[in-house]
Amino acid sequence: MTSKGRVTIREVAERAGVSMATVSRVLSGNHPVPASTRARVLRAARDLDYVANAHARALVGGGRKMVAVVLRQVTSPFYAQVAEGVEAEAAARGWLCLVGTTGGDPGRELEFVQLMREEGARLVILVGGVVEDDAYRERVAHYAQALASSGARLVLCGRPAPDPDIPALVVEFDNEAGARAITGHLLSAGHRRIVFLGGLPGNTALDARVAGYRAALAEHGLGPEAAHVVDCGLGRAAGHRAMTELLKAGGDLGPGDTATPGTATPDTTPARFTAVFAGDDMVAAGALRAIADAGLRVPQDISVVGYNDIPLAEDFNPPLTTVRTPAEELGRAAVRIALRDPEHAAGAHHLLGTHIVVRDSVQPPPPGA
């Protein structure tokens with residue numbers, strides 16, 4: 001990419017030593033061109049990081065109004081709801097929505113973003129919390145600059161921008177406030193020994209939830225030693241495994257510990273915590289199963305809360321008290337805001353609220369707990 005911005009077809013032609021018409025024929029793929037010439041043009045385009053102008057392609061029927069949404073996975077209810085919101089808002093405006101999954105692989109993410117640039121997508125939306133390290137910050141800055149140079153826009157949905165100066169729109173919800181509220185709900189019910197199950201150090205969403213959990217404990221006069229964070233990550237299997245080990249260890253993490261699953265020592269003493277704050281509803285599902293397998297009851301023996309309010313949360317046994325995050329609205333807002341104010345949306349930050357949904361998984365701790 002040149003320092004002056006978008007690379008032009010003229011620059012590709014000059015690099016390849018051919019006419020602009022020849023470059024156009026090669027890139028359109030609609031006309032026969034000698035193999036050696038084609039290879040030379042494609043090499044020049046690649047070296048210059050050339051991307052065809054999406055608006056020009058649309059004028060000749062070669063492009064469409066496209067929104068691309070990039071997810072870690074589609075089997076997660078949260079990601080699926082966000083994607084549904086993106087698609088619904090795009091469809092309402094006559095735009096095409098494409099969905100790609102990465103499995104958490106940065107290489108696949110890069111390939112998908114580059115493909116969407118080449119296909120002329122106007123918006124590329126990256127969804128969900130991430131581990132924000134130097135490699136991620138560099139990668140997102142590259143995405144934002146590259147998309148902007150080709151007339152497109154990057155939207156970060158449910159994750160913060162690593163640098164406020166990059167040309168990306170941020171639409172997220174307040175993870176810390178939601179976690180503070182749900183922890184406060186447990187504290188108001190009388191719980192003082194509350195485990196956070198589902199930490200993942202460096203993950204932007206989970207770190208914010210842990211921060212809200214710690215803040216709520218402090219607001220109720222509890223010191224740092226009252227916080228117990230189990231770094232097991234997300235998913236039902238992770239929640240089940242971590243809760244099983246915690247129950248076997250008697251729930252005794254020690255004051256202010258952060259635990260990693262697999263380090264617990266089996267014990268038969270009763271759990272010393274009275275409530276569990278699961279990092280998301282799928283972790284809560286695994287925790288509920290492990291508690292039942294141990295012969296304990298929710299909420300009579302242990303109260304459990306979750307995060308996200310996935311559609312199945314009200315069908316858990318018992319129905320789960322959780323934090324409702326506006327997952328579908330998050331996807332809709334990402335499209336709506338980006339298209340409503342294209343000149344000023346880049347670099348803007350929009351924060352959506354959350355609220356508690358109270359069901360049947362919380363009650364005061366058992367007598368003498």
Side-chain angles (χ1 to χ4, degrees), residues 72-73 75-81 103-104 128-129 131 175 178-179 182-183 185-186 191 193-210 212-213 227-253 257-264 266 271-325 327 356-357 359-362:
R72 183 184 183 90
Q73 58 189 36
T75 53
S76 161
F78 171 76
Y79 285 118
Q81 285 181 285
V131 175
N175 271 301
I182 197 75
T183 306
H185 180 70
L186 290 171
H191 296 277
R193 296 191 294 279
I194 304 168
V195 173
F196 185 96
L197 193 71
L200 186 61
N203 181 281
T204 52
L206 290 173
D207 279 356
R209 292 175 196 176
V210 170
Y213 158 75
H228 302 287
V229 179
V230 179
D231 291 332
C232 65
L234 297 180
R236 183 187 181 280
H240 183 273
R241 181 173 58 252
M243 177 55 49
T244 298
E245 294 181 7
L246 198 55
L247 290 170
K248 285 181 178 178
D252 187 7
L253 290 173
D257 279 347
T258 295
T260 300
T263 61
R272 297 192 184 180
F273 56 88
T274 62
V276 174
F277 175 7
D280 76 357
D281 292 343
M282 295 308 294
V283 173
L288 290 171
R289 180 72 265 169
I291 292 169
D293 289 345
L296 299 173
R297 301 166 300 165
V298 176
Q300 291 88 341
D301 299 309
I302 302 173
S303 291
V304 178
V305 299
Y307 208 101
N308 284 337
D309 192 28
I310 63 174
L312 285 175
E314 63 181 329
D315 296 320
F316 289 174
N317 185 22
L320 185 68
T321 293
T322 184
V323 177
R324 177 169 295 171
T325 56
I356 298 174
V357 178
R359 297 194 178 102
D360 301 331
S361 63
V362 175

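None of the values given here were measured: they were computed from a predicted structure.
- Taking every heavy atom of both residues into account, V283 and A278 meet most closely at CG1-CB, 3.8 Å.
- Of all the heavy atoms in A238 and C232, the pair that sits closest is CB-O, 3.4 Å.
- Closest of all the heavy-atom pairs between D280 and G235 is OD1-N, 4.3 Å.
- A donor-acceptor contact shorter than 3.5 Å links the side chain of R209 to the backbone of G279.
- Here the closest non-hydrogen pair linking V304 and A284 is CG1-CB, 4.2 Å.
- Here the side chains of T244 and D293 are not in contact, with every heavy-atom distance at 4.5 Å or above.
- Note that the CG atom of L296 and the CD1 atom of I291 stand 7.0 Å from one another [nearest 0.5 Å].
- Between T274 atom OG1 and I302 atom CD1 the span is 8.5 Å, to the nearest 0.5 Å.
- Between the CG atom of N317 and the CZ atom of R297 there is a distance of 12.5 Å, given to the nearest 0.5 Å.
- Among all heavy-atom pairs drawn from F196 and V210, the shortest one is CE2-CG2, 3.7 Å.
- The two residues G199 and V229 make their nearest non-hydrogen contact at CA-CG1, 4.4 Å.
- Residues L206 and L234 have side chains in contact (heavy-atom distance under 4.5 Å, counting atoms from C-beta outward).
- Judged by distance alone, the side chains of H191 and S303 do bring a donor and an acceptor atom under 3.5 Å apart.
- Of the inter-residue distances, the one linking L197 atom CG with F277 atom CZ reads 10.5 Å to the nearest 0.5 angstrom.
- Screening D309, D281, N308 for a side-chain hydrogen bond (donor to acceptor under 3.5 Å, both in side chains) with T325, the sole residue that qualifies is N308.
- S361 contributes no side-chain N or O that, together with a main-chain N or O of P318, makes up a donor-acceptor pair within less than 3.5 Å.
- Here the straight-line distance linking atom CZ of R289 with atom CE of M243 works out to 13.5 Å at 0.5 Å rounding.
- Between the CZ atom in F316 and the CG atom in L288 there is a gap of 7.0 Å [rounded to 0.5 Å].
- Distance alone, capped at 3.5 Å, is enough to place a donor-acceptor pair between the R359 side chain and the L320 backbone.
- Judged purely by atom type and a 3.5 angstrom limit, T322 uses its side chain to pair as donor or acceptor with the backbone of Y307.
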